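Worksheet: the structure to be examined is printed underneath.
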Amino acid sequence: MRNTHAVTWMKWLLACVLIFTIISLATIKVSIETHIWLTSSAFIVIAISMLLKDKKTLQLAMLFTGAMISIRYIWWRYTETLPWESNLDIPFAIALLVTEIYGITIYLLGMFVNVQQHEREVTPIDETKPLPTIDVFIPTYNEPVKVVSPTLTAAMQLKYPGQVNVWLLDDGGTADKLNNPDLHLAESARQRTNELKRLCQELGANYLSRTDNSQAKAGNINNAMKHSQGELILILDADHVPTHDFLVNTIGMFQQQPNLGFVQTPHFFATPNPIERNLGIQDKVPGENEMFYNRILKGMDFWNASFFCGSAAVIRRCALDDVGGISTKTITEDADTALNMHAKGWDSAYLNIAMIAGLSPDTFGNYVTQRSRWAQGMIQIFMLNNPLLKRGLSMPQRLCYLNSTLFWFFPIFRTIYLIAPLCYLLFDLQIFVGNGLDFLTFAVPHLLISLAINQHLFGKTRNALFSEFYETILSLYLLLPTLSAIVNPKKPSFTVTPKGETTSHTHFSPLAPLLFGLLFIISAAEAWGIYRIFNYPIEQGQLSVVLVFNTLNLILCLACLGATAERRQRRSEPRTQCQSPAYLTTNTMSTNAVINDASLNGARITIQSLESQLKPNDVVELTCYLKLPPKTGESKVRLKPYRFSMKVHHSQLLASGQMLSCELLDADTQSMKVLTSLAFSNSHTWTKRRLFEEQQEKGVLQAFISFFKLSLKSCALISSTAKQQPKPSEGKGKPHHSTQDVR
């Protein structure tokens with residue numbers, strides 16, 4: 001024990017010496033020539049480190065070098081570029097400096113979090129040991145039955161050699177809702193409740209509701225804990241459909257690690273988020289969530305600081321009991337609960353295998369609603385349960401949680417980045433004292449080195465400028481919710497993100513006018529700045545620097561506005577690729593087929609026969625095959641056939657056959673089980689999708705060019721969407737969506 005403490009103290013002493021050295025080098029006043037030599041040396045160190053990725057010592061050298069250059073930049077900004085003599089300008093200049101300090105703080109914390117990745121392998125279940133009992137909790141509130149049913153069906157098909165009890169926790173069927181004074185709402189709740197109860201009865205799941213919706217999702221789960229006894233609890237959001245091997249891949253770790261509090265797995269989304277869909281960039285860039293789930297959480301796991309993300313996680317019941325259940329203090333109850341568990345000494349694990357498929361928000365407005373809850377909840381944690389002050393956490397855990405909570409203050413600082421160039425261009429406020437040479441000497445090396453390190457750390461999961469893009473588009477709409485949570489951290493209430501909505505036609509989001517206004521102001525400032533740079537030569541140095549950032553803001557805003565152009569979305573259920581063999585028969589032919597993708601209501605099928613072309617409304621019989629485990633003493637996998645009637649909606653001739661889009665006729669519980677298994681049972685499907693997204697990685701220059709092209713494409717999207725806007729008298733200006741309320 002003493003040796004362990006001695007090693008720990010030595011590590012922290014070494015860390016303190018390194019930090020002191022970095023700060024000393026960063027704040028030393030040297031000549032311009034010496035500074036250029038320092039930055040050139042830094043570029044060489046980083047280039048060598050990026051080439052020799054397997055050398056951990058070089059990786060650390062790269063991170064420390066990047067930190068030194070960034071701190072040096074901030075020191076220069078503070079000592080050389082602030083207009084101290086002007087009482088009018090200094091508040092705006094300091095606001096920009098604080099914003100840059102915030103950005104570099106997040107950057108440095110991000111380097112610490114990702115200094116080492118923890119790649120976990122599956123720990124097989126040891127069937128010679130006692131098998132823990134499992135409760136599967138599926139909390140639901142106002143999600144349509146068509147959204148809940150695949151999750152519930154798949155949960156009932158989870159493979160596990162021990163006892164599993166599946167619970168549908170219906171907060172949409174509470175006594176308060178069923179007895180709502182509004183008779184229409186009460187009848188809707190009653191109808192939905194009856195459908196869910198019938199579905200649970202047919203599948204063999206447990207249905208549980210309660211009197212009211214107190215404490216939202218956290219209260220729902222805590223109530224379920226009183227009615228269940230499983231040693232481990234798998235929590236799934238209502239739209240998170242698990243693969244068959246979820247429990248098989250996660251439970252073994254609990255057998256091997258008695259102090260393991262929870263295992264988190266990635267949230268994989270079968271549908272693109274509205275920004276990706278509106279811009280048409282799905283499958284062309286890594287998914288927005290991949291940077292967090294495929295990189296950051298692995299870095300946090302190295303420090304034993306990965307946190308519970310609300311779904312797709314298995315939690316030890318006694319660990320939850322130890323912290324009083326799911327936290328109800330904040331609206332991001334998941335991260336807050338994990339923070340409490342870590343403070344109590346429980347360990348965590350992150351297994352980076354996608355074993356659930358969820359639904360992204362369907363519209364830009366719903367996307368903003370979801371991110372607003374995340375931002376307010378993480379700010380609540382920072383204000384009410386601050387990780388720096390929390391007893392029981394290790395220092396790395398404190399820094400990891402600090403990074404996660406501090407990040408969500410970005411709407412304030414990203415807004416300042418948007419406004420700062422306008423202050424100079426439109427109002428002549430001196431936010432930066434310096435010239436083009438100063439900018440090239442101090443700012444450009446910092447920006448290029450930061451970009452290179454970010455590309456090294458996150459290049460496979462986030463293209464250049466996309467972080468700035470997502471933060472820009474959200475900052476305008478999250479600014480007021482963020483400020484509200486800071487002023488009154490106990491005020492925010494839990495809101496459910498609507499899922500399964502559709503849009504009948506292309507239109508601008510109701511939130512778009514704010515972006516139109518900002519784009520107009522930035523464009524006017526850009527034009528005025530260009531005019532000044534040609535007519536006032538004495539200002540060219542500062543104007544050039546400010547125009548660089550204003551031009552970047554203009555490009556970002558163009559892309560953001562294109563992202564608010566909602567595309568028509570008629571399909572409320574995702575179709576997922578499965579490539580499953582099948583057999584198709586009609587009155588005139590029988591042929592082999594392949595089910596290319598499937599949903600609960602239909603499938604896209606390729607057949608080999610060219611004897612006669614099938615037409616819309618033709619009815620076909622489709623036989624598909626599900627794999628069953630081999631019988632005892634046998635090794636051969638068995639195939640069980642299932643037969644369905646389907647109606648052809650669309651037919652296309654191919655060189656080697658026909659492609660059919662078909663709708664399921666006479667849907668029942670059996671067909672739902674089979675199609676859910678076809679579409680969602682195989683985790684390898686999601687693994688391949690994630691690997692494909694990683695392969696879309698671009699070099700820095702290529703990523704910049706792609707983003708500029710995206711901004712130009714947004715101009716075309718804005719123009720075409722504007723032409724399609726219906727006249728007010730036509731009454732088509734609103735999206736069609738399912739009836740859902742917000743908690």
Side-chain angles (χ1 to χ4, degrees), residues 19-39 42 66-109 406 409-450 475 479 483 486 521-522 525-526 528-529 532-533 535-553:
I19 292 170
F20 176 78
T21 303
I22 289 171
I23 294 174
S24 298
L25 287 172
T27 56
I28 257 180
K29 188 172 181 65
V30 296
S31 64
I32 294 292
E33 292 78 10
T34 304
H35 175 76
I36 292 174
W37 179 86
L38 276 173
T39 54
M68 187 269 289
I69 294 297
S70 295
I71 295 171
R72 183 164 186 76
Y73 166 74
I74 282 296
W75 184 253
W76 168 75
R77 284 279 286 115
Y78 172 73
T79 57
E80 303 291 339
T81 68
L82 294 180
W84 294 106
E85 70 284 351
S86 172
N87 292 330
L88 178 62
D89 297 336
I90 193 64
F92 298 93
I94 289 178
L96 179 59
L97 177 63
V98 170
T99 299
E100 291 186 270
I101 291 172
Y102 164 82
I104 287 178
T105 300
I106 293 297
Y107 164 63
L108 296 177
L109 285 172
L406 205 58
F409 286 81
F410 78 81
I412 299 170
F413 300 104
R414 181 58 61 178
T415 302
I416 293 175
Y417 274 130
L418 291 170
I419 294 173
L422 304 178
C423 292
Y424 180 79
L425 294 172
L426 298 179
F427 305 106
D428 207 26
L429 293 169
Q430 300 297 311
I431 56 174
F432 173 89
V433 177
N435 53 42
L437 180 60
D438 292 334
F439 180 76
L440 287 172
T441 304
F442 290 92
V444 170
H446 154 68
L447 292 172
L448 291 180
I449 288 174
S450 300
S475 61
L479 178 61
L483 292 173
I486 293 171
I521 295 171
I522 292 177
E526 185 80 0
W528 177 240
R532 286 172 61 184
I533 207 169
N535 290 275
Y536 301 94
I538 196 172
E539 298 180 8
Q540 284 182 350
Q542 282 186 311
L543 274 170
S544 299
V545 173
V546 176
L547 272 174
V548 166
F549 290 101
N550 195 70
T551 303
L552 178 59
N553 287 341

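These numbers were taken from a predicted model, which means no experiment stands behind them.
Side chain of Trp528 to main chain of Leu426: no donor-acceptor pair is present (N/O by atom type, distance under 3.5 Å, no hydrogens or angles). A donor-acceptor pair is defined here as one N or O able to donate and one able to accept, closer than 3.5 Å; no such pair exists between the side chain of Arg414 and the backbone of Leu479. Side chain of Thr39 to main chain of Ile36: a donor-acceptor pair is present (N/O by atom type, distance under 3.5 Å, no hydrogens or angles). Remark: side-chain polar atoms of Tyr73 are not paired, donor with acceptor, to backbone N or O of Pro445 under 3.5 angstrom.
Residues Glu526 and Leu547 have side chains in contact (heavy-atom distance under 4.5 Å, counting atoms from C-beta outward). No side-chain heavy atom of Ile431 sits less than 4.5 Å from a side-chain heavy atom of Asp89. Contact annotation: the side chain of Trp75 never approaches that of Ile23 to less than 4.5 Å [non-hydrogen atoms, C-beta and beyond]. The shortest side-chain heavy-atom distance between Glu80 and Lys29 falls under the 4.5 Å cut-off. Counting heavy atoms from C-beta outward, Val433 and Leu82 have side chains that stay 4.5 Å or more apart. Within the 4.5 Å cutoff, the side chain of Ile449 has no heavy atoms near those of the Ser70 side chain. Taking 4.5 Å as the limit, some side-chain heavy atom of Ile486 sits within range of a side-chain heavy atom of Ile412.
Sparse packing is recorded around CZ of Phe92, with 12 or fewer heavy atoms of other residues, nucleotides or ligands lying under 6.0 Å away.
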_Apply side chain to side chain contact (heavy atoms under 4.5 Å, CB included) to residues Thr81 and Asp438 and explain how you reach the verdict._
CA-CA 9 Å; Thr81 68; Asp438 292 334; over 6 Å; no

*Go through the steps to decide whether Val546 and Arg532 satisfy the test side chain to side chain contact (heavy atoms under 4.5 Å, CB included), and finish with yes or no.*
CA-CA 12 Å; Val546 176; Arg532 286 172 61 184; over 6 Å; no

_Please evaluate residues Leu108 and Ile71 with respect to the criterion side chain to side chain contact (heavy atoms under 4.5 Å, CB included), reporting the C-alpha separation (whole Å), side-chain torsions for both, the decisive distance (0.1 Å), and the verdict._
CA-CA 9 Å; Leu108 296 177; Ile71 295 171; 4.2 Å; yes

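Ring geometry, Phe442 versus Trp76: the interplanar angle falls under 30°, so the pair is classed parallel (tilted spans 30 to 60°). Classification of the Tyr78-Trp84 ring pair by plane angle, with boundaries at 30° and 60°, yields perpendicular.
For Tyr424 and Phe549, the gap between ring centers reaches or exceeds 6.0 Å.
Atom-to-atom distance recorded for Asn553:CG and Ile521:CD1 is 12.5 Å, nearest 0.5 angstrom. Rounding to the nearest 0.5 Å places CG of Asn550 at 6.0 Å from CD1 of Ile522.
A pairwise comparison of heavy atoms in Ile28 and Val30 identifies CG2-CG1, 3.2 Å as the closest pair. Looking at every heavy atom in both residues, Thr441 comes nearest to His35 through O-NE2, 3.1 Å. The two residues Leu425 and Ala525 make their nearest non-hydrogen contact at CD1-O, 3.8 Å. For the pair Ser544 and Ile533, the tightest heavy-atom approach, listed with the atom from each and the gap, is OG-CD1, 3.5 Å.
For Arg77, the salt bridge (Lys or Arg N to Asp or Glu O under 4.0 Å) partners at least two apart in sequence or on another chain are Glu100.
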